[in-house]
Amino acid sequence: VQLQASGGGLVQPGGSLRLSCTTSGFIFSSAAMGWYRQAPGNQRESVARITRVGITSYPNSVKGRFTISRDSAKNTMYLQMNSLKPEDTAVYYCNTDAFPSIWGQGTQVTVSS
């Protein structure tokens with residue numbers, strides 16, 4: 001089982017980024033998926049979740065700014081992040097409920113002017 005997050009980078013406040021999570025080794029279409037982030041000194045937190053049928057949920061901190069989606073044909077999940085704030089700075093990871101203990105390499109998102 002592999003999960004690889006990509007698409008991070010340095011962006012100014014108010015900017016946008018689109019993260020991708022490519023997966024292999026499990027039946028992607030049958031699995032709930034999620035995006036998480038961890039800032040230095042903080043615990044890892046959930047920022048978006050999507051069920052196998054496409055029902056999404058977000059914490060209040062990102063609701064209305066982040067959008068999670070999935071493409072089962074490509075075994076890939078996405079996170080569109082708009083109106084980014086400095087407090088969104090963190091390493092972003094993807095994860096699946098099918099194998100919750102497996103965390104791939106994350107991608108750094110830095111929001112700074």
Side-chain angles (χ1 to χ4, degrees):
V1 175
Q2 292 189 331
L3 302 102
Q4 178 65 54
S6 62
L10 173 64
V11 63
Q12 292 187 342
S16 298
L17 282 175
R18 188 194 194 204
L19 306 185
S20 298
C21 173
T22 56
T23 73
S24 63
F26 65 99
I27 303 174
F28 179 83
S29 61
S30 297
M33 301 290 299
W35 284 98
Y36 298 76
R37 67 186 180 189
Q38 187 167 20
N42 290 358
Q43 290 187 333
R44 191 169 296 179
E45 62 175 350
S46 173
V47 295
R49 291 181 52 79
I50 186 167
T51 69
R52 62 182 181 88
V53 296
I55 298 172
T56 61
S57 60
Y58 309 90
N60 288 337
S61 58
V62 308
K63 193 174 293 183
R65 300 189 298 121
F66 289 11
T67 302
I68 188 173
S69 61
R70 62 191 299 162
D71 185 340
S72 292
K74 297 181 179 179
N75 292 342
T76 300
M77 176 178 65
Y78 305 97
L79 185 67
Q80 178 67 44
M81 305 187 295
N82 299 328
S83 303
L84 283 162
K85 304 176 181 180
E87 51 263 44
D88 295 319
T89 295
V91 178
Y92 284 70
Y93 302 87
C94 52
N95 185 260
T96 174
D97 287 4
F99 295 91
S101 64
I102 296 179
W103 296 89
Q105 187 173 0
T107 186
Q108 176 71 47
V109 172
T110 302
V111 184
S112 175
S113 55

inquiry  = So, taking the atom named CG in Leu10 and the one named CD in Gln108, what distance separates them when rounded to the nearest 0.5 Å?
reply    = 9.5 Å

ask   = How long is the span from the CZ atom in Phe66 to the OG atom in Ser83, to the nearest 0.5 Å?
value = 9.5 Å

Pairwise side-chain contact, Tyr58 with Thr67, heavy-atom cut-off 4.5 Å (strictly under) = yes

task = Give, for atom CG of Leu84 and atom CD of Gln12, the distance between the pair rounded to the nearest 0.5 Å.
result = 11.5 Å

query = Sub-3.5 Å donor-acceptor pair from the side chain of Asn95 to the main-chain atoms of Ile102, do we have one?
reply = yes

request  = Please round to the nearest 0.5 Å and tell me the distance separating atom CD1 of Ile68 and atom CG of Leu19.
outcome  = 10.5 Å

ask   = So, Thr23 side chain and Asn75 main chain: donor-acceptor pair closer than 3.5 Å or not?
value = yes

Flag, side chain of Thr22 to backbone of Thr76, donor-acceptor distance under 3.5 Å = no

ask   = Would you call the rings of Tyr36 and Trp103 parallel, tilted or perpendicular, where under 30° means parallel and over 60° means perpendicular?
value = perpendicular

query = Which distance, rounded to the nearest 0.5 Å, do you find between the CZ of Arg52 and the OG1 of Thr96?
reply = 12.5 Å

request  = Using a 4.5 Å cut-off on heavy atoms from C-beta on, say whether the side chain of Met33 contacts that of Leu3.
outcome  = yes

query = Are any non-hydrogen side-chain atoms of Arg65 and Asp88 less than 4.5 angstrom apart?
reply = yes

query = Okay, side chain of Arg70, backbone of Thr51: is any donor-acceptor separation there less than 3.5 Å?
reply = yes

